[in-house]
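So you know, we letter chains A, B, ... as the sequences are listed, proteins then strands, and number each from 1. As a basis for the values below, the full set of heavy atoms in this structure was taken, side chains included, without hydrogen atoms, waters or symmetry mates.
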There are 2 protein chains.
Amino acid sequence: MNDATKPEKKPSRIQLRNRKRILDAALEVFSQHGYRGATLDQIADASGLSKPNILYYFDGKEAIHVTLLNTLMENWLDPLAKMSPDGDPLEEILAYIHRKLQMSREFPRESRLFANEILQGAPRMKPHLETGLKTLFDEKTALIQRWMDQGKLAPSDPRHLLFSIWATTQHYADFEEQVSILTDRETDPVGGAEQFLDNMFRKLLTPQQS
Amino acid sequence: MNDATKPEKKPSRIQLRNRKRILDAALEVFSQHGYRGATLDQIADASGLSKPNILYYFDGKEAIHVTLLNTLMENWLDPLAKMSPDGDPLEEILAYIHRKLQMSREFPRESRLFANEILQGAPRMKPHLETGLKTLFDEKTALIQRWMDQGKLAPSDPRHLLFSIWATTQHYADFEEQVSILTDRETDPVGGAEQFLDNMFRKLLTPQQS
DNA sequence: GCGATTCTGGACCATTTGGTAAAGCTGGTC
DNA sequence: GACCAGCTTTACCAAATGGTCCAGAATCGC
């Protein structure tokens, strides 16, 4: 649970509560301004704690960001990890799309935090991407390729398929401002996206029974 | 050509050269770090000019950013504006996708500058979006809707169609770092994307002759 | 209830950052 | 080739920012 260098006894109630407050505030601030654009003062304000107090709980600005990124990574990979070799191929992929879209709706800040990090060259996340994400990506593209080879899905490049799914689903969180303006502040653009994307990927992936 | 408030005589050769240098350097820096993360010193370094000299040519950090955003906007809308009511509907849209993809390949920094701005809530661009982009968007979604009504394209929501095109094409510039890692630093991922997206949107949009 | 421990915030600090003043240099024009 | 507007730089600022110190306040274990 802890890293070997620090034995660290169990965190107290207050510790737990305040760490959570800080991380929530930091998520808000980092996701909106990016790492370098965010300030400890903003995080302090948003969390309701004083700046020195924040530094009592975390080793510094970077430590907060890293913590955020680490916990994010797991939740981020989860929907893809859940895509199972055992289900119906088309339905598995459509269900995955559904989950991703759901995350855009429920956790737009997390999506933007991630987007900010990648946009800026993933300086503090490259290792994560090269191990965790890459492994999962290779595994799932291979699975999809197998499905295609078996004629259960129409053939196309599985890598670009995943890119397209990521791009289209995360778009609604990352470019929310734009989407909101262009859809005349419609209450829930993601609802319409759901139908549209289901239709699009269904047409793309349904195999021809020639 | 100039705004009415400032008559301003014609800019000199040096003026032209240095403004260009500064804007190019600023594009590099802003697109990588976002507005708040970028510093004048970085821009000074990248442009080979001193910081005060930069402030001799522009009124401040914000003025540089705004200038960049303004010139970007035109080039950004251009590919969509070129989509003509007179051509073959399917081919018009596929050509548009091709143009957008080409821009991701040729101008990734511009794409990231734009992405950064929207991600952070479009603080200095909202007016632009609400006028220029919105107008064009409405015009083109209406055009696509007409094509669909005429049975020349399979029906779907034109707004989400455009969102999907933007998302999938810009993804290769904005998330280049991730794409690069996952495709094992393949020389030109956009090449593969070209085929994939052409196929995907063709399947989506080709009308059923039932 | 009380001492030990954990938590909290006001004052402070060094560095960075956007920006300015003003003196010196340059290049085009007569 | 001397002048002068236009360009460039050195030396600064004031504010913002990440971070520290330390004394006092809350909380916990008993």
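- Crowding of A:Arg185 atom CZ: a count of heavy atoms from other residues, nucleotides or ligands under 6.0 Å exceeding 12.
- Distance CG (A:Asp45) to P (C:dG9): 12 Å, rounded to an integer number of Å.
- Along DNA chain D, the nucleotide nearest to A:Ile14 and the one nearest to B:Ser50 differ in position, and the one closer to the 5' end is contacted by B:Ser50.
- The shortest side-chain heavy-atom distance between A:Tyr56 and A:Asn18 does not fall under the 4.5 Å cut-off.
- Residue A:Tyr56 is the one, among A:Lys51 and A:Tyr56, whose nearest nucleotide of DNA chain C lies closer to the 5' end (criterion: closest heavy atom).
- The distance from atom CG of B:Leu16 to atom C1' of C:dG28 is 17 Å, rounded to the nearest whole Å.
- Separating the CZ atom of A:Arg21 from the C1' atom of C:dC7 is a distance of 13 Å, rounded to the nearest angstrom.
- Taking 4.0 angstrom as the limit, B:Gln15 places none of its side-chain polar atoms (N or O) nearer than this to OP1 or OP2 of D:dG6.
- Within the structure, every side-chain polar atom (N or O) of B:Arg13 is placed at least 4.0 Å from both OP1 and OP2 of D:dG6.
- The distance between atom CD1 of A:Ile22 and atom C1' of C:dG9, rounded to the nearest whole Å, is 14 Å.
- Residues B:Asp41 and A:Arg17 both approach DNA chain C. Their nearest nucleotides, taken by heavy-atom distance, put A:Arg17 toward the 5′ side.
- The separation between B:His65 atom NE2 and C:dT17 atom P is 17 Å, rounded to whole Å.
- One can place CG of B:Leu40 at 18 Å from P of D:dA15, the figure rounded to the nearest angstrom.
- For A:Ile54 and D:dG18, the CD1 to C1' distance is 12 Å, given to the nearest whole Å.
- Phosphate contact (OP1/OP2 of D:dT10, side-chain N/O of B:Asn53, threshold under 4.0 Å): absent.
- Considering only side-chain N and O atoms, A:Arg36 lies under 4.0 angstrom from the phosphate OP1 or OP2 of C:dT17.
- Checking C:dG18, D:dT8, D:dT17 against the side-chain heavy atoms of B:Lys61 singles out C:dG18 as nearest.
- Atom CZ of B:Phe58 is separated from atom C1' of C:dT20 by 19 Å (rounded to the nearest Å).
- Remark: the A:His33 side chain and the B:Gln120 side chain contain no N/O donor-acceptor pair separated by less than 3.5 Å.
- Under the 4.5 Å side-chain criterion, counting only non-hydrogen atoms from C-beta, A:Phe30 is in contact with A:Ile43.
- Heavy atoms of B:Ala38 sit under 4.0 angstrom from primed sugar atoms or phosphate atoms, though from no base atom.
- Residue-level contact check: A:Leu55 touches the bases, meaning some heavy atom is under 4.0 Å from a base atom.
- Distance from the side chain of B:Asn18 is smallest to D:dC7 among C:dC7, D:dG18, D:dC7.
- Side chains of A:Asp157 and B:Gln195 form no contact here, defined as non-hydrogen atoms less than 4.5 Å apart.
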